[in-house]
**Q** 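Below you will find the structure I want to go over with you.
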Amino acid sequence: MVPVVFGLTLVIFFMIHLVPGDPAAIMLGQRATVENVARLRHSLGLDRPLALQYLLFLKNLGKGDMGDSLIYRQPVLGLVLHHLPTTLLLSVYTMVLAVIFTVPLATVAALKRDRVADQAVRGFLLIGLAMPSFWVGINLLLFLTVRNHLFPAGGYGEGFVQHLRHLFLPALTLSFGISAILVRNLRNSLIETLSADHVRTARAKGLSSRTVFTWHVLRNSALSTVTIMGLNLGFLMGGTVIIEQVFAIPGVGQLLLTSIFSRDYPVVQGITLVYAVLVILVNLLTDLFYASLDPRVSLE
């Protein structure tokens, strides 16, 4: 993980400086004269060579200091950690809904292979993959909020219950695309496992159909799906950016967009680095969980 994170800091730092625009001029606004811009750039250290800025960035990062926001005038780490729980809750909420959709749909499709139910599920997969998440979110807002007033239009609410209520539509929106991927993978795995030798042996021992399916079919079929879930959970944290904007959710994604438009380099670097580390951690946890499901996998 250490060399990967080091490489990420290198890429993140130099790519963000390729973005056109001068943060000093943006901060000064109408007072952005040549002298004022030069003075502010010097005070912020933006007139130093990029290599020196990068070394200072690494030095401070080793101390847990990501610098101060150019716009919010507060430490980047505290700013990111303040918004991070909202995005994490949205990501986990999305995966929970995706699992709730995936298991029954994949089960029905596998047990009713090539029948009407299977074709209907496969049609759902195509629709889920074809629809952009922001378009789905806007339509859910129009139907469930504007017309029927069932859910809030946006925001985060107060208290855990209200958090779940406010995040239901965004999580439902994001879960459509992920469910389509998971259902397809789990369906194919179930079909393959149903014809395996150990499943026929379990049936021959007189085990009930439910026991055979739960412990011998579903558990073995879930291995590849768990891997895909882990990968999607990692990418989902970055994919919430647009949805947070659509539903006015005060998460890291909304903070990232605001910082990009205002050329707040330290905040963009900090958020991107935190996202990258979270993706790496999720992949590690996925490998560990995979090993707990499959005794043939060794952690050594």
Side-chain angles (χ1 to χ4, degrees), residues 88-131 133 136 168 171-240 278-300:
L88 290 179
L89 179 58
L90 175 58
S91 300
V92 173
Y93 200 177
T94 299
M95 293 308 299
V96 170
L97 292 180
V99 171
I100 292 174
F101 294 143
T102 296
V103 175
L105 289 176
T107 300
V108 170
L111 296 178
K112 305 293 183 181
R113 182 182 180 183
D114 295 330
R115 299 181 188 176
V116 176
D118 184 26
Q119 298 296 337
V121 171
R122 292 163 74 178
F124 163 77
L125 301 183
L126 291 176
I127 295 174
L129 289 172
M131 294 187 300
S133 59
V136 175
F168 179 77
L172 182 64
T173 300
L174 291 167
S175 67
F176 281 144
I178 295 177
S179 297
I181 298 172
L182 297 180
V183 169
R184 183 173 184 176
N185 178 267
L186 184 57
R187 170 192 174 274
N188 294 337
S189 298
L190 287 172
I191 291 174
E192 182 178 351
T193 307
L194 282 169
S195 59
D197 292 337
H198 71 276
V199 174
R200 287 194 291 267
T201 302
R203 289 171 177 163
K205 290 180 179 179
L207 298 177
S208 65
S209 299
R210 177 176 296 181
T211 301
V212 171
F213 184 82
T214 303
W215 295 104
H216 297 276
V217 178
L218 185 59
R219 181 174 180 177
N220 288 281
S221 301
L223 296 176
S224 60
T225 306
V226 166
T227 303
I228 294 178
M229 281 181 59
L231 293 173
N232 278 277
L233 180 58
F235 290 117
L236 180 62
M237 295 178 186
T240 59
L278 286 175
V279 170
I280 295 172
L281 289 175
V282 167
N283 289 337
L284 175 62
L285 293 175
T286 301
D287 289 340
L288 296 176
F289 186 64
Y290 192 97
S292 68
L293 286 177
D294 190 349
R296 297 171 298 177
V297 177
S298 172
L299 293 177
E300 295 181 0

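Below, each value reflects all heavy atoms present in this structure, side chains not excepted, and no hydrogens, waters or symmetry copies. Position 1 is the first residue of the sequence; numbering continues from there.
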**Q** Specify the closest pair of heavy atoms between A110 and L194, including all atoms of both residues, with the distance to one decimal.
**A** O-CD1, 4.3 Å
**Q** Quick one: pull up OG1 in T102 and CG in N185 and give me the separation to the nearest 0.5 Å.
**A** 9.5 Å
**Q** If a pair satisfies salt bridge (Lys or Arg N to Asp or Glu O under 4.0 Å) and one of its residues is in residues 225-236, list it, with sequence neighbours excluded.
**A** none
**Q** Would you please name every residue forming a side chain to side chain donor-acceptor pair (under 3.5 Å) with S209, sequence neighbours left out?
**A** none
**Q** Can you list every salt bridge (Lys or Arg N to Asp or Glu O under 4.0 Å) pair that touches residues 90-101, not counting sequence neighbours?
**A** none
**Q** My understanding is that only residues two or more places apart in sequence, or in another chain, count here; which of them pass side chain to side chain donor-acceptor pair (under 3.5 Å) with S221?
**A** T193
**Q** State the CG-CD1 distance between N232 and I178, to the nearest 0.5 angstrom.
**A** 5.0 Å
**Q** Kindly write out the residues that satisfy side-chain contact (heavy atoms from CB on, under 4.5 Å) with A120, not counting sequence neighbours, or none if the list is empty.
**A** none
**Q** Could you give all pairs that pass the salt bridge (Lys or Arg N to Asp or Glu O under 4.0 Å) test and reach residues 194-215, with sequence neighbours left out?
**A** D197-R200
**Q** Heavy-atom distance under 4.5 Å between the side chains of L111 and F213, does that happen here?
**A** yes
**Q** Would you say CD of E192 has more than 12 non-hydrogen atoms from neighbouring residues, nucleotides or ligands within 6.0 angstrom?
**A** no
**Q** Please list, one pair per line, the donor and acceptor atoms closer than 3.5 Å that link side chains of residues 89-99 to other protein atoms, with sequence neighbours excluded.
**A**
from : atom 1 : to   : atom 2 : distance (Å)
S91  : OG     : T87  : O      : 2.9
Y93  : OH     : L164 : O      : 3.2
T94  : OG1    : L90  : O      : 2.7

**Q** When you compare the side chain of D118 with that of R187, does any pair of heavy atoms fall below 4.5 Å?
**A** yes
**Q** Start with the C-alpha distance between I181 and L125, add both sets of side-chain angles, then the distance that settles side chain to side chain contact (heavy atoms under 4.5 Å, CB included), and finish with yes or no.
**A** CA-CA 7 Å; I181 298 172; L125 301 183; over 6 Å; no
**Q** With T201, which residues qualify under side chain to side chain donor-acceptor pair (under 3.5 Å), at least two apart?
**A** none
**Q** Which pairs, with at least one residue in residues 97-117 and sequence neighbours excluded, count as a salt bridge (Lys or Arg N to Asp or Glu O under 4.0 Å)?
**A** D114-R122
**Q** Quick one: sort the F176 and F124 rings into parallel, tilted or perpendicular, breaks at 30° and 60°.
**A** perpendicular
**Q** So how far is it from I100 CD1 to L105 CG, rounded to the nearest 0.5 Å?
**A** 11.5 Å
**Q** Can you name the side-chain contact (heavy atoms from CB on, under 4.5 Å) partners of L285, sequence neighbours left out?
**A** L288
**Q** Please, which pairs that meet side chain to side chain donor-acceptor pair (under 3.5 Å) have at least one residue in residues 173-184, sequence neighbours excluded?
**A** none
**Q** Just jot down the side chain to side chain donor-acceptor pair (under 3.5 Å) partners of S189, sequence neighbours excluded, or say none.
**A** S224
